[in-house]
Trainee: 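The structure follows.
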2 protein chains.
Amino acid sequence: MLTIGEFSRLTHLSVRTLRRYHEGELLEPAVVDGATGYRYYSVEQIPTAQVINRLRELDVPLSDVQRILRTPDPGVRSTLVAGHLRRLEAELSRTRAAVTSLRRLLQPDPAPIEVELRAEPAREVAAVEAVIGHADVEAWFAGAMAELQAAVGAGRTGPPGGNYDNSLFEEGRGRVLVYLPTSTPPRTGRVHAVTLPAAELAVTTHVGEHEGVDVTYGELGAWVVENAMSVAGPVREVYLVGPRDVSDPAAWRTEIGWPVFRVT
Amino acid sequence: MLTIGEFSRLTHLSVRTLRRYHEGELLEPAVVDGATGYRYYSVEQIPTAQVINRLRELDVPLSDVQRILRTPDPGVRSTLVAGHLRRLEAELSRTRAAVTSLRRLLQPDPAPIEVELRAEPAREVAAVEAVIGHADVEAWFAGAMAELQAAVGAGRTGPPGGNYDNSLFEEGRGRVLVYLPTSTPPRTGRVHAVTLPAAELAVTTHVGEHEGVDVTYGELGAWVVENAMSVAGPVREVYLVGPRDVSDPAAWRTEIGWPVFRVT
DNA sequence: TGTGGACCCTCCCCCAGGGGGAGGGTCCAG
DNA sequence: CTGGACCCTCCCCCTGGGGGAGGGTCCACA
C-alpha cells in the first residue's frame with residue numbers, strides 16, 4: 001500500500017490531481033481508511049495512472065478516459081482510442097487551415113472582391129436537410145452528399161449547393177440543407193424534393209480551400225452594409241468547382257450568396 | 001453601424017463572445033450608446049474580428065491575442081504570431097510522443113525490467129542547477145548542457161547526467177541539476193563544482209526516446225515498493241547514449257536511479 | 001510516552017473561455 | 001401604439017486543474 005504522496009512520486013501525477021481522479025471515479029484508491037479518509041494505492045494501479053496521464057496529454061476528456069478504462073476488451077478499447085486519434089488528426093488539419101488563413105489575413109490583399117446582385121428564382125431540387133451542430137457539419141455533409149449523388153446520379157443538372165442557417169454560426173446549431181439540382185427529384189432515404197425560395201442574392205465567389213471562407217463572408221458582409229442592404233435568411237453556397245472535380249484546392253470555386261433586401 | 005446581432009452574422013462570432021471580447025478590451029464596439037448600453041460595430045472591424053477568430057482557433061490565449069492586435073508594426077506582429085506557431089509545433093511533437101507511448105502502454109510488454117541495487121559513492125562534477133517549472137525543463141536543459149560542454153570540453157570523464165527533484169513532478173516546479181563528470185570542474189558562468197552525495201540507488205535502464213520514460217519510472221517504483229524499500233531524494237538520470245551520440249532514438253539509453261532506503 | 005514535523009483530509013475560491021438562462025429595457029414595422 | 005425581435009446586465013454552469021486555509025494523522029526520535 002502506498003500513500004497518495006508516494007503514489008504521486010511514482011506516477012508523476014500531482015496529489016491534487018489524484019484526489020480529483022478519485023472524486024471523478026477515474027482512479028479509485030485500492031483502500032480508503034473509513035476513519036481518517038486517507039487514500040492508499042496499490043502498485044498495480046501505476047499502469048492505470050499512466051494510461052490516464054497519456055490520454056490526458058492527448059486532451060481526451062476525463063469522461064472519455066473513464067469510458068476507455070472501463071472497457072475490458074482490448075479490441076474495443078483500442079477502437080475508442082483510435083477514435084480520439086482521428087479527432088486529433090482532424091484538429092491538426094483544422095490548425096493547419098487556420099495557420100494558412102491567418103497568413104492570408106495578416107498580409108492584407110488589397111484586391112477588392114467582386115459582388116453581383118442577382119435575383120434568384122425559386123426552383124425545385126433534390127435535397128437532404130438536418131438540424132445539426134457546427135462541429136458536425138463536415139461529417140454530415142459528406143454523408144448527405146454521397147446519398148444525393150447515389151440518388152440523383154446522371155440526372156444532375158448543375159453544381160451542388162448548400163444552405164446554412166445563420167443560427168449555425170450564431171448559436172453553433174442550425175438547419176443545414178445540401179442539394180443537387182435535377183429535373184425530377186427522387187425520393188429515397190433522406191433525399192426528397194425541396195423548393196428553394198426565390199431571393200435577392202448578393203453573390204461573390206470564394207477561390208481556394210473552404211477553410212478561410214469566412215474571410216470572404218466578411219468581405220461580402222461589408223459590401224452588403226456599404227450598399228445599404230441587410231441580410232435575411234440562410235446563406236447559400238454553390239460548389240462550382242470542388243474536390244469532386246479537381247484535386248488542387250487552389251482551383252476550387254465556391255459561390256456564396258447572401259439573401260439581402262434593400263434598406264434604403 | 002451594425003448591431004451586435006448583425007456583426008455576429010457577418011463574423012460568425014456569437015453575440016456572447018462579442019460581448020466578452022468587448023469586456024476584455026479585445027474588440028471594442030465603434031460606438032456604445034451611453035443611455036442604452038447598445039453596442040454598435042463598424043464594417044472596418046470585421047477583419048479584426050476574423051484575426052481574433054483565427055488566433056483563437058490556434059488556441060492563442062486572449063491576452064496574447066490582445067497583445068498581437070495592439071502591435072502596430074506588421075513585422076513585430078508576425079514575430080509574435082510565429083512564436084505561437086512554434087508553440088503549436090512543440091505541442092504537436094508532444095502529441096506524437098504521447099501517441100506512441102500510449103500504444104506501448106496499451107500493448108503491455110510482459111518483459112519485466114531489470115533493476116540493480118547499487119551503492120553510489122559521492123563524487124564531484126561540473127554542474128549547472130536551477131529551480132524551474134516542469135514545462136521549461138527541456139529548454140533549460142538544452143542551454144545548460146551546451147554551457148557545460150563548452151566549459152568542460154575534452155575533460156569529460158563520463159556520460160552526462162541530471163538530477164530532478166520530486167517536487168518537479170508533484171508540484172510542477174523544483175530543483176534541476178545537470179552535470180558532466182570531469183576531474184577538474186571549471187567555474188565559468190553558471191557552471192560550478194557540485195558534490196553529488198553518496199546514495200543507495202535502485203537503477204534501471206530506459207531504452208528509446210525520453211518521452212515515455214515515466215512508464216519506466218512506474219516500473220522502477222513498483223520494484224522499489226515490492227522490495228520493501230522507499231524512495232528518498234531526487235531521481236538521478238544518466239544519459240549513457242543520447243541524441244548527442246546516436247541520431248536513432250531507438251538506440252538511446254538512459255540510466256534511471258532512484259535513491260532508496262530499506263524500510264524494514 | 002510525548003512531540004514535532006511531515007503528511008493527509010475537506011472546503012472554498014481562482015483561472016480561461018466560453019454556454020444557459022432570468023429579468024428587464026429598446027427598437028421599429030405594421 | 002403595440003408586439004415581437006433584439007439588446008442589456010447579472011448570475012450560475014462547464015472542464016481540468018491550482019492555491020491556500022484550517023484541522024486531523026502518522027511516525028521516528030527523544
Side-chain angles (χ1 to χ4, degrees), chain A residues 1-9 12-27 29 31-41 52-53 55-66 133-135 166-167 169-173 230-233 261-264, chain B residues 1-9 12-27 29 31-41 52-53 55-66 133-135 166-174 230-233 261-264:
Chain A
M1 285 300 100
L2 302 159
T3 66
I4 197 169
E6 291 164 340
F7 196 71
S8 159
R9 273 184 286 279
H12 293 173
L13 288 166
S14 78
V15 171
R16 291 197 104 86
T17 301
L18 287 173
R19 285 204 266 256
R20 203 167 293 267
Y21 288 173
H22 177 198
E23 190 186 359
E25 300 178 5
L26 257 158
L27 180 62
V31 174
V32 177
D33 188 314
T36 67
Y38 273 36
R39 296 168 177 86
Y40 295 98
Y41 295 83
I52 297 176
N53 209 356
L55 291 170
R56 285 300 306 138
E57 280 179 6
L58 298 175
D59 281 328
V60 175
L62 288 186
S63 55
D64 292 17
V65 173
Q66 192 182 42
H134 188 260
N166 282 316
S167 68
F169 310 109
E170 289 170 49
E171 293 144 34
R173 185 163 200 81
S230 196
V231 302
F261 58 92
R262 189 159 291 282
V263 180
T264 58
Chain B
M1 286 299 98
L2 302 159
T3 66
I4 197 170
E6 291 164 340
F7 196 71
S8 160
R9 273 185 286 279
H12 293 173
L13 288 166
S14 80
V15 170
R16 292 197 103 87
T17 301
L18 287 173
R19 285 204 269 255
R20 203 167 292 268
Y21 289 173
H22 177 199
E23 189 187 0
E25 301 178 4
L26 256 158
L27 181 63
V31 174
V32 178
D33 187 314
T36 68
Y38 272 37
R39 297 168 177 85
Y40 295 98
Y41 294 82
I52 297 176
N53 209 356
L55 291 170
R56 286 299 306 139
E57 280 179 6
L58 298 175
D59 280 328
V60 175
L62 288 185
S63 55
D64 293 18
V65 173
Q66 192 181 44
H134 188 261
N166 281 316
S167 68
L168 191 66
F169 309 108
E170 290 169 49
E171 293 144 33
R173 184 163 200 82
S230 197
V231 303
F261 59 90
R262 192 157 289 282
V263 176
T264 50

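To find a chain, count down the sequence lines: A is the first, B the second, and so on, and within it residues start at 1.
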Trainee: Without decimals, in angstroms, what is the distance between Leu18(B) CG and dC7(D) C1'?
Mentor: 13 Å
Trainee: Should the ring pair Phe169(B) and His12(A) be called parallel, tilted or perpendicular, given that the plane angle runs from 0 to 90° and is split at 30 and 60?
Mentor: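 The arrangement is parallel - the two ring planes meet at less than 30°.
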Trainee: Side-chain contact, heavy-atom cut-off 4.5 Å: Pro29(B) with Tyr41(B)?
Mentor: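 They are in contact (side-chain heavy atoms under 4.5 Å apart), so the answer is yes.
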Trainee: What is the separation between atom CD1 on Ile4(A) and atom P on dA6(C), rounded to the nearest whole Å?
Mentor: 19 Å
Trainee: Which atom pair, heavy atoms only, marks the closest approach of Thr36(B) to Asp33(B)?
Mentor: N-OD1, 3.2 Å
Trainee: Rounded to whole angstroms, how far apart are CZ on Arg19(B) and C1' on dC10(D)?
Mentor: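 It is 11 Å, rounded to the nearest whole Å.
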Trainee: Can Val65(B) and Tyr21(B) be said to form a side-chain contact (heavy atoms from CB on, under 4.5 Å), step by step?
Mentor: CA-CA 11 Å; Val65(B) 173; Tyr21(B) 289 173; over 6 Å; no
Trainee: When every nucleotide of nucleotides 14-27 of chain C is labelled 5' to 3' by its protein contacts under 4.0 Å (heavy atoms), B for base, S for sugar-phosphate only, - for none, what sequence of letters results?
Mentor: ---SBBBB---BBS
Trainee: State whether the side chain of Gln66(A) and the backbone N or O of Gly24(A) hold a donor-acceptor pair below 3.5 Å, judged by distance alone.
Mentor: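 Here the side-chain-to-backbone pair exists.
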Trainee: With distance as the sole test, does Ser8(B) use its side chain to make a donor-acceptor pair with the main-chain N or O of Ser14(B) at under 3.5 Å?
Mentor: no
Trainee: Given atom CE of Met1(A) and atom P of dC27(D), what is their separation to the nearest angstrom?
Mentor: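 Distance check: Met1(A) CE to dC27(D) P gives 14 Å.
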Trainee: Now, which nucleotide makes the Watson-Crick or G-U wobble pair with dC14(C), with each of the two distances under 3.5 Å?
Mentor: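 Pair assignment: dC14(C) / dG17(D).
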Trainee: Give one of base, sugar-phosphate or nothing for Arg39(B), where a contact means two heavy atoms less than 4.0 Å apart.
Mentor: sugar-phosphate
Trainee: Expressed as a whole number of angstroms, how long is the span from His134(B):NE2 to dG18(D):P?
Mentor: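 In whole Å, dG18(D) P lies 12 Å from His134(B) NE2.
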Trainee: Mind calculating the distance between CZ (Phe7(A)) and C1' (dC8(C)) to the nearest angstrom?
Mentor: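 About 16 Å, once rounded to whole Å.
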Trainee: Grab the two heavy atoms, one from Glu6(B) and one from Met1(B), that are nearest each other, plus how far apart they are.
Mentor: OE1-O, 4.2 Å
Trainee: For dG23(C), give the paired nucleotide (Watson-Crick: N1-N3 plus N6-O4 or O6-N4; G-U: N1-O2 and O6-N3; both under 3.5 Å), or none.
Mentor: dC8(D)
Trainee: Rounding to an integer number of Å, can you tell me how far Glu25(A) CD sits from dT15(D) P?
Mentor: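 Whole-Å distance recorded here is 14 Å.
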Trainee: To the nearest Å, give me how far apart CD (Glu6(A)) and P (dC27(D)) are.
Mentor: 10 Å
